[in-house]
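Read through the structure below, which is laid out as structure tokens, and then see the notes.
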Amino acid sequence: EFVVSSIIDMYAKCQSIDDARKMFEKLKVRDIVIFSAMISGYALQGLDQDAMQLFYEMVKVGLVPDTVTFVTTLKSCSNMASLVEGKLIHAYILERRLEGNVQVGNSLIDMFTTCGCMEDGKCVFNKLQKRDTISWTAMVTGYAQAKEYNLALKYYQDMEQEGWKPDNVTVVSLLAACRQEGLLVEGCQHFESMKKEKILPTEDHFNCMVDLLGQAGHLEEAVDLLQCMPFGFD
RNA sequence: AGCGGGUGUUGCCAGC
């Protein structure tokens, strides 16, 4: 029961997905947590077709997916950028009336924007009763990935205006957008604002900043930044 | 009432 799902989870996260599956197969009784742990393991390993198949199997045996099941299954849809499967999962979510759930909504936003369906993503976002940092960041990242940088930056402005603070992931997406648009000043502002927000920069932040400075011809500043970076060179 | 499964992470290049 509790122990079993933990072990499956552990195997799945330690790249022993086959061992996880063996244990899964041996079980006489499987509940949604066991299924979700197994689906999550497949999604983590990029075995997305297996994840989807297990989801369908789970529904077929009469188990009712919950928010966690949907979140993990949508992850596989995103990995594959499979709109067809994503829409099918969306239909199950609507049936269960879970579209307004924050985590499920966030996953739907990610799935739709990853599949290039910006309107559907926006629609889910707009319908969310409650939003969190991840909802906003998913929109920023989604538009940045779609190369709609101005919209990405606009979502960030709205996010700020509604009183939300960015976190390190938000800033990576912002810097990526600025880098693509060559917005040096704005990029520097976001990078500087990390100190104020007490966000620790990761390698990704530095990579974006070094490139942003470099492409603007500020080579010395780029080198300075490289030198104070707590990581190896790229 | 509680417990095991959970969503957002830059760019370029190479391989599959």
Side-chain angles (χ1 to χ4, degrees), chain A residues 1-13 20 23-24 27 29-44 46 51 54-55 58 63 65-79 86 89 93 98-99 101-114 121 124-125 128 130-147 149 152 155-156 159 164 166-183 187 190-191 199-215 234:
Chain A
E1 57 290 10
F2 299 171
V3 179
V4 175
S5 60
S6 299
I7 294 174
I8 288 180
D9 186 44
M10 184 200 74
Y11 276 143
K13 283 177 181 147
M23 177 161 279
F24 179 87
L27 295 174
V29 183
R30 302 174 190 132
D31 65 8
I32 55 170
V33 176
I34 305 275
F35 265 94
S36 299
M38 196 64 222
I39 292 171
S40 163
Y42 280 133
L44 203 67
L54 207 55
F55 174 85
M58 171 180 167
L63 287 170
D66 67 1
T67 56
V68 179
T69 321
F70 286 127
V71 165
T72 59
T73 307
L74 282 169
K75 179 79 186 162
S76 276
C77 300
S78 283
N79 287 346
I89 302 303
I93 289 168
L98 288 173
E99 204 193 23
N101 174 277
V102 196
Q103 284 83 6
V104 172
N106 292 349
S107 298
L108 281 169
I109 291 169
D110 174 56
M111 183 277 294
F112 277 127
T113 57
T114 300
V124 173
F125 179 85
L128 275 181
K130 287 193 175 155
R131 298 177 188 133
D132 60 14
T133 307
I134 295 181
S135 321
W136 285 100
T137 303
M139 292 304 286
V140 172
T141 306
Y143 278 112
Q145 296 283 8
K147 305 218 181 292
Y149 303 109
Y155 267 91
Y156 175 67
M159 175 181 182
W164 292 94
D167 66 10
N168 59 338
V169 179
T170 320
V171 181
V172 169
S173 296
L174 285 172
L175 293 181
C178 290
R179 167 197 202 158
Q180 292 299 318
E181 293 295 89
L183 299 171
H190 292 307
F191 190 67
I199 304 169
L200 284 178
T202 65
E203 199 173 346
D204 294 332
H205 297 91
F206 282 102
N207 282 337
C208 289
M209 285 311 295
V210 168
D211 188 72
L212 196 48
L213 288 165
Q215 65 173 263
D234 210 358

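Note that these values count all heavy atoms, side chains included, but never hydrogens, waters or copies made by symmetry. In what follows, chains are A, B, ... by sequence order, proteins preceding strands, each numbered from 1.
One interatomic measurement links the two molecules: CD1 of Ile34(A) to P of G5(B), which rounds to 11 Å at whole-angstrom precision. Distance CZ (Phe206(A)) to P (G11(B)): 19 Å, rounded to an integer number of Å. The CH2 atom of Trp136(A) sits 22 Å away from the P atom of U7(B) (whole-angstrom rounding). Rounded to an integer number of Å, the gap from CD1 of Ile109(A) to C1' of U7(B) is 10 Å. Taking atom CZ on Phe70(A) and atom P on G8(B), their separation rounds to 17 Å, with Å as the unit. Separating the CG atom of Leu174(A) from the C1' atom of G8(B) is a distance of 12 Å, rounded to the nearest angstrom. Going from atom CG of Leu128(A) over to atom C1' of U7(B) covers 12 Å, rounded to whole Å. Atoms CG (Leu213(A)) and P (U10(B)) sit 20 Å apart, rounded to a whole Å.
A distance of 11.5 Å separates CG in Leu74(A) from CD1 in Ile109(A), rounded to the nearest 0.5 Å.
On a pure distance criterion of 3.5 Å, no polar donor-acceptor pair joins the side chain of Asp204(A) and the base of G11(B). Contact annotation: side chain of Thr69(A) to base of G5(B), donor-acceptor pair present below 3.5 Å. The base of G4(B) does not come close enough to the side chain of Ser6(A) for any donor and acceptor atom to sit less than 3.5 Å apart. Side-chain atoms of Asp132(A) and base atoms of G8(B) include no donor and acceptor less than 3.5 Å apart.
A donor-acceptor contact closer than 3.5 angstrom is absent between the side chains of Ser76(A) and Asn79(A). A side-chain donor from one of Asp211(A) and Gln215(A) sits under 3.5 Å from a side-chain acceptor of the other. No hydrogens or angles considered: a donor-acceptor pair under 3.5 Å links the side chains of Asn106(A) and Ser135(A). Neither side chain, Ser40(A) nor Thr72(A), offers a donor N or O lying under 3.5 Å from an acceptor on the other. For the residue pair Asp66(A) / Thr69(A), a side-chain donor-acceptor distance below 3.5 Å is found, with atom types taken as modelled.
Closest non-hydrogen pair, Gln103(A) versus Asn101(A), comes out as N-OD1, 3.0 Å.
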Quiz item: In dot-bracket form, how is RNA chain B paired, counting a Watson-Crick or G-U wobble pair only if both its distances are under 3.5 Å and using | for bases paired to another strand?
Solution: ................
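One finds a side-chain N or O of Lys75(A) lying less than 4.0 angstrom from the OP1 or OP2 phosphate oxygen of G8(B). For the pair Gln145(A) and U10(B), the criterion of a side-chain N or O lying under 4.0 Å from OP1 or OP2 is met.
Lys147(A) comes within 4.0 angstrom of nothing in the nucleic acid, heavy atoms only. Across all strands, Asp9(A) comes closer than 4.0 Å only to sugar-phosphate atoms, never to a base (heavy-atom distances). Backbone-only engagement by Ser107(A) is indicated by non-hydrogen atom pairs under 4.0 Å involving sugar-phosphate atoms exclusively. Residue Asn168(A) is out of contact with every strand shown, counting any heavy-atom pair closer than 4.0 Å. Using a 4.0 Å heavy-atom distance criterion, Thr170(A) is classed as a base contact. In this structure, Ile7(A) reaches neither bases nor backbone, as no heavy-atom distance under 4.0 Å exists between it and the strands shown.
The aromatic rings of Phe70(A) and Phe55(A) lie tilted to each other, with the angle between the two planes from 30° to 60°.
Checking G6(B), G8(B), U7(B) against the side-chain heavy atoms of Thr133(A) singles out G8(B) as nearest. Distances were taken from every side-chain heavy atom of Ser5(A) (C-beta onward) to each of U10(B), G5(B), G4(B); the shortest belongs to G4(B). Of the candidates G5(B), U7(B), G8(B), the closest approach to any side-chain atom of Gln103(A) belongs to U7(B). When distances are taken from the side chain of Cys208(A) to each of U7(B), U10(B), G6(B), the shortest belongs to U10(B). Comparing G4(B), G6(B), U10(B) against the side chain of Ser40(A) picks out G6(B) as the nearest.
Checked against the 6.0 Å centroid criterion, the rings of Tyr149(A) and Tyr143(A) do not qualify as a close aromatic pair.
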